Amino acid sequence: MSSSLSSGVQVGSGEQVQAIIDELYRLYPEARYDLDFTTPLELFVATQLAAQCTDERVNAVTKTLFQKYRSAADYAGANQEELEQDIKPTGFYRKKANQLRVSCQYLLDHYGGEVPGTMAELVRIPGIARKTANVILGNAFGVVDGFIVDTHVDRLSKRFGWSKQNDIVKIERDLMALVPREHWLEVAHRIIYHGRAVCNARKPLCAQCTLASYCPSAMLDQ
DNA sequence: CTCCCGATAT
DNA sequence: ATATCAGGAG
């Protein structure tokens with residue numbers, strides 16, 4: 001079932017997984033979550049804005065947004081059109097503005113305007129699914145209940161041969177089984193760094209990738 | 001599966 | 001011209 005790599009290691013074996021993890025830590029010792037925030041609510045807002053948008057653009061918007069809107073009530077009571085303009089550069093701005101108002105109203109109705117700190121509570125909030133919940137839990141509360149599966153983790157998991165699933169939840173389950181729990185958050189951050197810098201969607205730079213000997217998708221003849 | 005948004009890379 | 005960008009809902 002499992003195939004052998006140029007390194008002689010089997011795809012999906014503990015040896016391959018650990019080799020990739022080790023190299024990711026070596027490559028990106030300082031990897032962290034790149035959205036700027038100082039409170040759980042700020043992370044709650046920034047993460048919703050991050051859909052299909054670079055972190056850089058989100059940070060450019062939140063720099064002033066967080067000065068203007070300081071509480072869940074500020075977002076819930078915001079004027080839709082005004083909030084749209086405040087977040088416009090992040091894209092999907094009508095949907096995101098509405099989603100911020102609705103999700104923050106939900107925080108007011110159920111949690112006194114605070115962001116809850118459990119997976120079960122977070123995924124009940126409209127606009128919050130497991131990816132966003134995992135980001136909030138891991139980065140604002142230090143709670144690691146799952147594996148962040150965003151567009152990069154989805155893509156690299158398949159390239160590494162760690163999952164053949166298309167359903168995000170099934171990919172997350174595969175990763176939780178393969179990667180030791182203490183590495184879930186840190187490895188997710190580093191997979192994302194590598195996905196941006198080297199293993200990008202359009203034209204992965206396999207020839208200069210130090211993971212290539214452990215990667216069944218490496219295309220070294222380019 | 002499509003839609004939401006527009007800038008940017010290829 | 002087309003795919004992609006730290007997604008989620010209908």
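Here the structure is a predicted model, which means the values were calculated and not measured. Sequence lines set the chain letters: A, B, ... in the order given, protein chains first and strands last, and positions in each chain run from 1. Heavy atoms only: backbone and side chains are in, while hydrogens, waters and symmetry mates are out.
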*Asks:* A:Leu100 has an atom CG; how far is it from atom C1' of B:dC5, in whole Å?
*Replies:*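 Going from CG in A:Leu100 over to C1' in B:dC5 covers 15 Å.
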*Asks:* Of A:Gly127 and A:Asp150, whose closest DNA chain C nucleotide lies nearer the 5' terminus?
*Replies:*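 The residue whose closest nucleotide sits nearer the 5' end is A:Asp150.
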*Asks:* If I pick the P atom on B:dC5 and the same atom on C:dA1, what distance separates them, to the nearest angstrom?
*Replies:*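 Going atom to atom, P in each nucleotide, I get 25 Å.
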*Asks:* More than 12 foreign heavy atoms under 6.0 Å from CD of A:Glu30: is that the case here?
*Replies:*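 Counting other residues, nucleotides and ligands, CD of A:Glu30 stays at 12 neighbours or fewer.
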*Asks:* Do other residues, nucleotides or ligands put more than 12 heavy atoms under 6.0 Å from A:Gln18 CD?
*Replies:*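 Above 12, so yes.
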*Asks:* Taking atom P of C:dC5 as reference, at what distance in whole Å does atom OH of A:Tyr193 sit?
*Replies:*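 Going from A:Tyr193 (OH) to C:dC5 (P), I get 17 Å.
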*Asks:* Please give the distance between the P atoms of B:dC3 and C:dA6 as a whole number of Å.
*Replies:*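 Taking atom P in both B:dC3 and C:dA6, they lie 23 Å apart.
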*Asks:* By nearest atom, which of the nucleotides B:dA7, C:dG7, C:dA6 is closest to the A:Ile148 side chain?
*Replies:*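 The answer is C:dA6, which lies nearest to the side chain.
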*Asks:* Would you kindly give the CG-to-P distance between A:Asp154 and C:dT4, to the nearest whole Å?
*Replies:*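 Atom CG in A:Asp154 sits about 12 Å away from atom P in C:dT4.
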*Asks:* Rounded to whole Å, how long is the line connecting atom OH of A:Tyr106 with atom P of C:dA9?
*Replies:*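 Rounded to whole Å, this separation is 12 Å.
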*Asks:* More than 12 non-hydrogen atoms from neighbouring residues, nucleotides or ligands closer than 6.0 Å to NZ on A:Lys170, yes or no?
*Replies:*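 Counting neighbours around NZ of A:Lys170, 12 or fewer heavy atoms of other residues, nucleotides or ligands fall under 6.0 Å, so no.
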*Asks:* With heavy-atom distances below 4.5 Å as the criterion, would you say the side chains of A:Met119 and A:Val123 are in contact?
*Replies:*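 Yes, at least one pair of side-chain atoms sits under 4.5 Å.
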*Asks:* So, OP1 or OP2 of C:dC5: does either fall under 4.0 Å of a side-chain N or O from A:Thr151?
*Replies:*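 For A:Thr151, the contact criterion (side-chain N or O under 4.0 Å from OP1 or OP2 of C:dC5) is met.
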*Asks:* To the nearest angstrom, how far is A:Asn98 atom CG from B:dC5 atom C1'?
*Replies:*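 It is 15 Å, rounded to the nearest whole Å.
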*Asks:* Could you work out which one of B:dC5, C:dC5, C:dG7 sits closest to the side chain of A:Thr132?
*Replies:*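 Comparing B:dC5, C:dC5, C:dG7 against the side chain of A:Thr132, the answer is C:dG7.
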*Asks:* Go nucleotide by nucleotide along DNA chain C from the 5' end; which of A:Arg155 and A:Ile125 gets its closest nucleotide reached first?
*Replies:*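 It is A:Arg155, whose closest nucleotide lies nearer the 5' terminus.
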*Asks:* Grab the CZ-P distance between A:Arg124 and C:dG8 for me, whole Å please.
*Replies:*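 In whole Å, C:dG8 P and A:Arg124 CZ are 17 Å from each other.
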*Asks:* Hey, is A:Phe92 stacking on B:dC4? Ring centres under 5.5 Å, planes under 30°.
*Replies:*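 Stacked: ring centres under 5.5 Å, planes under 30°.
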*Asks:* For the pair made of OH in A:Tyr93 and C1' in B:dG6, what is the distance, rounded to whole Å?
*Replies:*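 Atom-to-atom, A:Tyr93 to B:dG6, this comes out as 9 Å.
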*Asks:* Measure the distance from CD on A:Gln52 to P on B:dG6 and round it to the nearest whole Å.
*Replies:*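 It is 14 Å, rounded to the nearest whole Å.
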*Asks:* Would the number of heavy atoms belonging to other residues, nucleotides or ligands and lying under 6.0 Å from OH of A:Tyr75 be above 12?
*Replies:*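 Counting other residues, nucleotides and ligands, OH of A:Tyr75 exceeds 12 neighbours.
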*Asks:* For the side chain of A:Ala129, counting heavy atoms from C-beta on, which of C:dC5, C:dG8, B:dG6 is nearest?
*Replies:*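 From the listed options, C:dG8 comes nearest.
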